[in-house]
There are 2 protein chains.
Amino acid sequence: MATTFNCPPNRSLGCPVEGTLDMIGGKWKGVVLFHLLDGTKRFNELHRLMPGVTQRMLTRQLRELEADGLIHREVYAEVPPRVEYSLTAKGETLRPIILALKDWGESHVPYYAIKPETDVA
Amino acid sequence: MATTFNCPPNRSLGCPVEGTLDMIGGKWKGVVLFHLLDGTKRFNELHRLMPGVTQRMLTRQLRELEADGLIHREVYAEVPPRVEYSLTAKGETLRPIILALKDWGESHVPYYAIKPETDVA
DNA sequence: GCCAATAGTATCAATTTGTATACTATTGAC
DNA sequence: GTCAATAGTATACAAATTGATACTATTGGC
């Protein structure tokens, strides 16, 4: 009771945490952001980096991130078409969060549990 | 291309980010965790702090967090019943992430957009 | 003309997630 | 006997998410 995080009790978006999670909490958004930390990526490039997501879902998450001003979508009028996604300045401010998410996952999520063979200590 | 985040490409859980988001990315999980940073809370106490969530969803998110070992559920055999939720040691390790989420939300999410009246600069 | 690649969109069905409402049990207050 | 409080559960329903597949347009290869 000493800390007093003072969350306004009568707002529809109760917490700043809720607001942030609304933006990056989507099933694939954090992962997209994570891959874009590494630099600009094309649509199919992202798709290949994320084996579990469908084209449709990837498109939708990308559009939502764009609508929230976190990523930039650059369309090149070429054939075959080329679309490049990159982080905006606002998206870049999420870097410490995404990296913290990655670090935590690496030390606490048993995501290597799918047969680590012998290469993981 | 220089950074090489080396995400294993052929695992079902592609990224540590994905794994972390699986645990705290649920619609209300981050918010629950955020309120528990402040100390032990009873069920209805949490419910009052989160106006947008239904009893059922709160119960479910709480059970999932418990199953993931992030929170502890202590039932007191009293009438009326009392159930207290608190962070486990593992849950405590999320503190920097939750706080980062809160800070980011405070500076980037316009969640005060619902009529700031005159009290917000 | 047919197939491939690009970056998607369209459609259908199935599953998951979320909402709304009512209900449980127990005890005390009224 | 009825209402309130506690911490939920049950049921019904709506919305979001997913998977599978087909389709768009354009150009080059064969």
Side-chain angles (χ1 to χ4, degrees), chain A residues 12-15 17-19 21-33 35-36 39-68 71-86, chain B residues 10-15 17-33 35-36 39-68 70-86:
Chain A
S12 72
L13 246 186
C15 283
V17 174
E18 200 178 331
L21 251 16
D22 257 17
M23 289 210 188
I24 65 161
K27 183 142 189 180
W28 303 101
K29 288 183 187 176
V31 187
V32 168
L33 258 11
H35 288 301
L36 290 184
T40 296
K41 296 267 181 301
R42 297 179 60 166
F43 182 85
N44 275 352
E45 204 171 348
L46 279 170
H47 196 189
R48 275 187 291 267
L49 286 167
M50 302 160 62
V53 73
T54 55
Q55 231 173 4
R56 189 161 96 110
M57 277 313 298
L58 182 53
T59 303
R60 280 161 64 159
Q61 302 279 292
L62 250 11
R63 294 297 149 89
E64 286 185 28
L65 287 169
E66 194 194 358
D68 284 335
I71 65 172
H72 173 69
R73 180 169 178 266
E74 185 79 45
V75 185
Y76 295 88
E78 298 176 4
V79 166
R82 182 160 59 104
V83 179
E84 289 186 347
Y85 292 93
S86 55
Chain B
N10 52 350
R11 313 284 178 145
S12 73
L13 247 185
C15 284
V17 174
E18 201 178 327
T20 306
L21 252 15
D22 257 17
M23 288 210 190
I24 66 161
K27 183 143 187 179
W28 303 102
K29 289 182 187 176
V31 187
V32 168
L33 257 12
H35 289 301
L36 290 184
T40 296
K41 297 265 181 300
R42 299 179 59 166
F43 182 85
N44 274 352
E45 203 171 349
L46 279 171
H47 196 188
R48 274 186 291 267
L49 287 167
M50 302 159 63
V53 72
T54 55
Q55 233 174 1
R56 188 163 98 110
M57 277 313 299
L58 183 53
T59 302
R60 281 161 63 158
Q61 302 280 292
L62 251 10
R63 292 298 148 88
E64 285 185 28
L65 286 169
E66 194 194 359
D68 284 335
L70 298 175
I71 64 171
H72 173 69
R73 180 168 178 266
E74 184 80 43
V75 184
Y76 296 89
E78 300 175 359
V79 166
R82 181 159 61 104
V83 180
E84 288 186 347
Y85 293 92
S86 55

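The structure presented is a predicted model; accordingly, all values stated were derived computationally and were not measured. A, B, ... follow the sequence lines: proteins, then strands. Residue 1 opens every chain.
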Nearest-neighbour nucleotide for the [X] side chain, [options] considered:
X: Arg48(B); options: dA20(C), dT6(D), dG8(C); result: dT6(D)
X: Asn44(B); options: dT17(D), dG8(C), dT6(D); result: dT6(D)
X: Phe43(A); options: dA7(D), dG8(D), dA7(C); result: dA7(C)

[X] side chain N/O closer than 4.0 Å to the phosphate oxygens (OP1, OP2) of [N]?
X: Arg82(A); N: dA5(C); result: no
X: Arg73(A); N: dG8(C); result: yes
X: Lys27(A); N: dT18(D); result: yes
X: Gln55(B); N: dT6(D); result: no
X: Trp28(B); N: dG18(C); result: no
X: Tyr76(A); N: dT26(D); result: no

To the nearest 0.5 Å, what is the distance between [atom1] on [X] and [atom2] on [Y]?
X: Tyr85(B); Y: Glu66(B); atom1: OH; atom2: CD; result: 7.0 Å
X: His35(A); Y: Met50(A); atom1: NE2; atom2: CE; result: 6.0 Å
X: Lys41(A); Y: Ile71(A); atom1: NZ; atom2: CD1; result: 12.5 Å
X: Leu46(A); Y: Leu62(A); atom1: CG; atom2: CG; result: 6.0 Å

Roughly how many Å is it from [atom1] in [X] to [atom2] in [N], rounded to a whole number?
X: Glu84(A); N: dT6(C); atom1: CD; atom2: P; value: 14 Å
X: Met57(A); N: dT18(D); atom1: CE; atom2: C1'; value: 8 Å
X: Lys41(B); N: dA7(D); atom1: NZ; atom2: C1'; value: 17 Å
X: His47(B); N: dT19(C); atom1: NE2; atom2: P; value: 10 Å
X: Glu45(B); N: dG8(D); atom1: CD; atom2: C1'; value: 16 Å
X: Glu64(A); N: dT17(D); atom1: CD; atom2: C1'; value: 11 Å
X: Leu62(A); N: dG8(C); atom1: CG; atom2: C1'; value: 11 Å
X: Arg60(A); N: dA16(D); atom1: CZ; atom2: C1'; value: 7 Å

Open item on the list: The test is side-chain contact (heavy atoms from CB on, under 4.5 Å); show your working for Trp28(A) and Leu21(B) and say whether it passes.
Closed with: CA-CA 9 Å; Trp28(A) 303 101; Leu21(B) 252 15; over 6 Å; no
Open item on the list: Quick check: any donor-acceptor pair below 3.5 Å linking the side-chain of Arg42(B) to the base of dT6(D)?
Closed with: no
Task: Distance-only donor-acceptor test, Arg56(A) side-chain atoms vs dT18(D) base atoms, 3.5 Å - done: yes
Open item on the list: What's Gln61(B) touching, base or sugar-phosphate or nothing? Going by heavy atoms closer than 4.0 Å.
Closed with: sugar-phosphate
Open item on the list: Looking at every heavy atom in both Val17(B) and Val31(A), which two are closest together, and how far apart are they?
Closed with: CG1-N, 4.0 Å
- [ ] Could you pull out the closest heavy-atom pair between Leu65(A) and Val32(A), with the gap in Å?
- [x] CD1-CG1, 3.7 Å
Open item on the list: Between the opening five pairs and the closing five pairs of the helix from dG1(C)-dC30(D) to dC30(C)-dG1(D), how far apart are the helix axes, to 10°?
Closed with: 30°
Open item on the list: Exactly one of Arg73(B), Lys29(B), Lys27(B) should register a salt bridge (Lys or Arg N to Asp or Glu O under 4.0 Å) with Glu64(B). Which one does?
Closed with: Lys29(B)
